[in-house]
Amino acid sequence: MADHHTVMESGRCIECGSKEVDGFSCYELFGFPLVWEHRDPALYALHFWLVSCYMLQHPSNFTEEGYRLLVDLFTDAYDHDWDTAYILKKNRESVTKVDKITNPLPHNERNRKSKFWSMTIEDIYLGGETNAIANIIKWKEQIRCELK
């Protein structure tokens, strides 16, 4: 991902509210399940949900139009129980209709807004690799409720 930097203040991400754990920022915590999924095909099958949950909680990485596209893709995929292949197909179709998806501003010039999320990447990390599948499923459910 281009120019992604987490801004932590007082040990919390200013966008998602995740606490720093074991000295890791929320972005660094995000790296752990990305590694875990390479050891477990069932976990890798949830890659779209892992990435989209994390990215939805960090809207400064997107243009307004790009963020809306992600919200729409996530909610449609969740509401209609799309499989991964169909999600990727719909994503390819929709990105052709958007001029710019990622925020072109350097990370230190982006507008970041704090929002309370009931679950963050912190919960996935703290649950550990053995609970990652159940926790990612729970995370996507929580996010879907919070996007209503």
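Numbers here are sequence positions counted from 1. Since the model is a prediction, treat every value here as computed from it, not as a measurement.
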Check your understanding: Who passes salt bridge (Lys or Arg N to Asp or Glu O under 4.0 Å) against K115, sequence neighbours left out?
Key -> none
Revision key, fill the gap. Applying side chain to side chain contact (heavy atoms under 4.5 Å, CB included) to T63 and not counting sequence neighbours gives E65, K100, P104
**Study point:** Donor-acceptor under 3.5 Å (R12 side chain, S18 main chain)
**Key:** no
For residues 42-51, dump all side-chain donor-acceptor pairs below 3.5 Å to protein atoms at least two apart in sequence or in another chain.
residue: H47; atom: ND1; partner: E37; partner atom: OE1; Å: 3.2
residue: H47; atom: ND1; partner: E37; partner atom: OE2; Å: 2.6

Check your understanding: With sequence neighbours left out, what residues match F24 under side chain to side chain contact (heavy atoms under 4.5 Å, CB included)?
Key -> D22, E28, L29, F32, Y125
Review point. Which hydrophobic side chains are connected to I14, either touching it within the sub-4.5 Å cutoff or through other members that do?
Key: V7
Review point. Does the N61 side chain pair with the main chain of H58, one donor and one acceptor, at a distance under 3.5 Å?
Key: yes
**Study point:** From CG (N103) to CZ (F62), nearest 0.5 Å
**Key:** 10.0 Å
Exercise for review: Would you please name every residue forming a side chain to side chain contact (heavy atoms under 4.5 Å, CB included) with D83, sequence neighbours left out?
Suggested key: A85, Y86
Check your understanding: Which pairs pass ring-ring contact (aromatic ring centres under 6.0 Å, His included) with one or both residues in residues 129-148, sequence neighbours excluded?
Key -> none
Point to revise | Side-chain (T6) to main-chain (M8) donor-acceptor, under 3.5 angstrom | key: no
Practice item. Starting at NZ of K140, measure out to CG of N135 and round the result to the nearest 0.5 Å. Key: 13.5 Å
Check your understanding: Does Q57 reach the main-chain N or O of M119 with its side chain, forming a donor-acceptor pair under 3.5 Å?
Key -> yes
Check your understanding: Hey, does L73 have a side-chain heavy atom less than 4.5 Å from the side chain of W82?
Key -> yes
Check your understanding: Would L88 end up clustered with V95 when hydrophobic side chains under 4.5 Å apart are linked, directly or stepwise?
Key -> no
Please list every donor-acceptor pair under 3.5 Å in which a side-chain atom of residues 141-148 meets a protein atom from a residue at least two apart or in another chain.
residue: Q142; atom: NE2; partner: S118; partner atom: OG; Å: 2.8
residue: R144; atom: NE; partner: D79; partner atom: OD1; Å: 2.8
residue: R144; atom: NH2; partner: D79; partner atom: OD1; Å: 3.4
residue: R144; atom: NH2; partner: D79; partner atom: OD2; Å: 2.8
residue: E146; atom: OE1; partner: S118; partner atom: N; Å: 3.4
residue: E146; atom: OE2; partner: S118; partner atom: N; Å: 3.3
residue: E146; atom: OE2; partner: S118; partner atom: OG; Å: 2.2

Point to revise | Inter-residue atom distance C13.SG - W117.CH2, 0.5 Å rounding | key: 11.5 Å
Point to revise | Residue pairs, two or more places apart or on separate chains, that pass salt bridge (charged side-chain N to carboxylate O under 4.0 Å, His left out) and touch residues 39-50 | key: R39-E129
Study note, to complete from the structure: Contacts of K19 meeting side-chain hydrogen bond (donor to acceptor under 3.5 Å, both in side chains) (sequence neighbours excluded), chain-then-number -> none
Check your understanding: Which residues satisfy the side chain to side chain contact (heavy atoms under 4.5 Å, CB included) test with S114, sequence neighbours excluded?
Key -> none
**Study point:** OG1 on T120 to CD on E15, rounded to 0.5 Å
**Key:** 12.5 Å
Exercise for review: Nearest 0.5 Å please: distance from the CG atom of L69 over to the NZ atom of K90.
Suggested key: 11.0 Å
Check your understanding: Got a sec, which residues hit salt bridge (Lys or Arg N to Asp or Glu O under 4.0 Å) with E64, two or more places apart in sequence or on another chain?
Key -> none
Practice item. Please indicate whether E93 has more than 12 foreign heavy atoms, meaning atoms of other residues, nucleotides or ligands, lying under 6.0 Å from its CD. Key: yes
